[in-house]
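Owing to the predicted nature of the structure, the values given are computational and were not obtained by experimental measurement. Along the sequence shown, residues carry numbers from 1.
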Amino acid sequence: MPELPEVESLTEFLRDRAVGHTVVGVDVVGFQALKTFDPPVSALGGLEITGVSRHGKFLDLDCDGLHLVIHLARAGWLRWKEDLSGAKPVRPGKGPLAVRVRLSPNELGLAPGFELTEAGTQKRLAVYVVKDPAEVPGVAALGPDPLAPEFTVAKLQEILGGNRTQIKGLLRDQKVIAGIGNAYSDEVLHAAKMSPFKIAASLTPEQVADLHEAIVTTLRDAVERAHGLAAKDLKAEKKSGLRVHNRAGQPCDVCGDTIREVSFADSSLQYCPTCQTGGKPLADRRMSKLLK
């Protein structure tokens with residue numbers, strides 16, 4: 001799933017390539033992806049892209065005051081095309097293509113644009129056409145952005161105080177903190193040397209400060225690594241920079257212990273016992289306890 005660093009990089013990528021172009025047309029192939037009907041998607045035609053921004057994991061293209069807001073969900077991706085003039089029409093329901101955005105020609109006469117694709121059968125990629133990004137329920141409900149100046153240690157302490165949620169789940173909750181998903185929550189907790197099952201409200205002031213440092217540093221480092229990369233290269237960069245996520249069975253880069261995994265119904269987490277749980281492997285999530 002694209003998370004804050006990848007979406008931030010896609011935002012920069014589109015700022016460099018799409019801003020200044022006029023939207024020629026938006027072809028919705030996967031009709032389930034379009035979540036709004038007023039204004040219609042056709043209203044984007046003829047509008048100039050004047051800016052691109054990010055809200056948590058949401059991409060926001062400002063088209064002369066009308067916003068095309070995109071959420072890539074778990075299996076979605078954005079594929080930039082230098083020339084879509086020869087792109088063939090795609091029948092709905094065939095293949096991974098969900099949305100195609102065609103832009104005005106550049107100085108070379110090429111008609112660039114991008115395609116939104118989604119692998120798998122769980123079609124959760126979402127596209128909205130709104131006058132204000134806050135009209136998108138997921139954007140309106142977002143918690144603070146962890147890379148914003150107002151995300152301080154005090155703000156994190158306020159978020160954690162009295163919260164009986166396990167810290168792994170809390171970090172992934174977009175209504176609590178925007179932009180962190182399954183992968184970077186694993187990375188943050190490894191950097192903070194903290195068990196994913198630790199209860200948020202139990203953190204000491206020192207642990208809150210360490211967690212804040214881990215959140216900000218992990219995300220900023222990932223953004224910096226991805227800076228300037230083409231959209232097609234972001235997935236590989238993310239994978240290469242991960243220390244624990246999706247590395248079960250491999251040695252920890254910090255201590256050499258074997259990275260372990262806890263599986264859930266639709267996801268899993270990875271962690272290092274030595275770095276995070278005092279050397280004890282975590283029990284199955286259904287028990288929600290450390291093995292004795």
Side-chain angles (χ1 to χ4, degrees), residues 1-19 21 23 25-35 41 44 49 52-61 67-84 87-103 111-129 133 136 138-139 172 174 178-187 219 222-223 225-242 245-246 266-267:
M1 175 185 290
E3 299 179 36
L4 185 155
E6 295 79 53
V7 178
E8 179 68 21
S9 296
L10 287 173
T11 300
E12 294 180 1
F13 182 87
L14 288 175
R15 280 198 196 112
D16 291 342
R17 290 162 177 79
V19 169
H21 281 277
V23 178
V26 179
D27 306 319
V28 180
V29 180
F31 295 111
Q32 75 286 339
L34 185 61
K35 305 302 182 184
V41 69
L44 294 168
I49 299 176
V52 185
S53 56
R54 175 186 62 79
H55 313 283
K57 301 179 190 177
F58 290 83
L59 272 168
D60 175 9
L61 282 76
H67 295 259
L68 176 62
V69 179
I70 300 164
H71 190 274
L72 295 170
R74 175 173 292 185
W77 197 244
L78 184 149
R79 303 179 187 278
W80 179 260
K81 304 290 184 178
E82 293 295 342
D83 188 11
L84 279 172
K88 298 179 180 179
V90 179
R91 287 184 0 189
K94 300 293 183 180
L97 180 61
V99 177
R100 176 182 285 156
V101 178
R102 295 175 284 113
L103 304 178
F114 60 88
E115 296 178 339
L116 304 177
T117 61
E118 186 172 23
T121 58
Q122 295 184 353
K123 301 301 183 181
R124 297 178 180 175
L125 184 146
V127 174
Y128 309 80
V129 180
V136 177
V139 173
R172 294 184 61 187
Q174 300 305 295
I180 302 175
N182 195 32
Y184 286 107
S185 58
D186 282 350
E187 297 300 299
L219 295 177
V223 169
R225 290 197 307 270
H227 179 70
L229 292 180
K232 64 182 179 64
D233 297 324
L234 289 173
K235 288 184 180 180
E237 167 53 40
K238 177 180 181 179
K239 183 177 180 180
S240 68
L242 298 175
H245 185 74
N246 275 347
D266 60 352
S267 65

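- Between the side chain of E237 and the backbone N or O of L229, no donor-acceptor pair lies under 3.5 Å.
- More than 12 heavy atoms of other residues, nucleotides or ligands shown are found within 6.0 angstrom of CD on Q32.
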Tell me, with the steps shown, if L4 and Y184 meet side chain to side chain contact (heavy atoms under 4.5 Å, CB included). CA-CA 9 Å; L4 185 155; Y184 286 107; over 6 Å; no
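- The nearest pair of heavy atoms linking G113 to L84 is CA-CD1, 3.6 Å.
- Within the model, atoms CG of L68 and CD1 of I49 stand 8.0 Å from one another, a figure rounded to the nearest 0.5 Å.
- Taking the side-chain hydrogen bond (donor to acceptor under 3.5 Å, both in side chains) definition, one finds that D83 meets it with S85, sequence neighbours left out.
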With side chain to side chain contact (heavy atoms under 4.5 Å, CB included) as the criterion, how do T11 and L59 come out once you've worked through the C-alpha distance, each side chain's angles and the decisive distance to 0.1 Å? CA-CA 7 Å; T11 300; L59 272 168; 3.2 Å; yes
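- Taking NE2 of H71 as the reference point, atom OH of Y128 lies at 7.5 Å (rounded to 0.5 Å).
- E115 places no side-chain N or O within 3.5 Å of a backbone atom of A98 that could act as its donor or acceptor partner.
- Proximity of H21 to P112: side-chain heavy atoms (C-beta onward) are separated by under 4.5 Å at one or more points.
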Check the pair L103, V23 against side chain to side chain contact (heavy atoms under 4.5 Å, CB included), reporting the backbone distance first and the verdict last. CA-CA 5 Å; L103 304 178; V23 178; 4.2 Å; yes
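- You'll find the side chain of S267 reaches within 4.5 Å of the side chain of R172, heavy atoms only.
- S9 and L234 make their closest contact through CB-CD2, 3.6 Å (heavy atoms, listed as atom of the first residue, atom of the second, distance).
- Side-chain atoms of K123 come within 3.5 Å of backbone atoms of E118 as a donor-acceptor pair (strictly under, hydrogens ignored).
- Closest heavy-atom contact between L125 and L72: CD1-CD2, 4.1 Å.
- For the pair L78/L14, a side-chain contact is recorded, criterion being any heavy-atom separation below 4.5 Å from C-beta on.
- Annotation for K57 and G181: closest pair NZ-CA, 3.6 Å, computed over non-hydrogen atoms.
- For the salt bridge (Lys or Arg N to Asp or Glu O under 4.0 Å) condition, the pairs that include at least one residue of residues 4-13, sequence neighbours left out, are E6-K238, E8-R54.
- Every side chain to side chain contact (heavy atoms under 4.5 Å, CB included) that N246 has, sequence neighbours left out, goes to Q270.
- Here the closest heavy-atom approach between residue P2 and residue G76 is recorded as CG-O, 3.7 Å.
- In this structure the side chain of W80 never reaches within 4.5 angstrom of the side chain of L10, judged on heavy atoms.
- Counting only heavy atoms from C-beta outward, the side chains of W77 and K235 approach each other to under 4.5 Å.
- Between H245 and N182, some side-chain heavy-atom pair lies under the 4.5 Å cut-off.
- Within the 4.5 Å cutoff, no side-chain heavy atoms of V101 are placed close to those of L116.
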What verdict does the side chain to side chain contact (heavy atoms under 4.5 Å, CB included) test give for I70 and L61, after you've listed the backbone C-alpha separation in whole Å, the side-chain angles of each residue and the deciding distance to 0.1 Å? CA-CA 8 Å; I70 300 164; L61 282 76; 4.2 Å; yes
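- Across all their heavy atoms, F13 and A231 have their closest contact at CE1-N, 3.5 Å.
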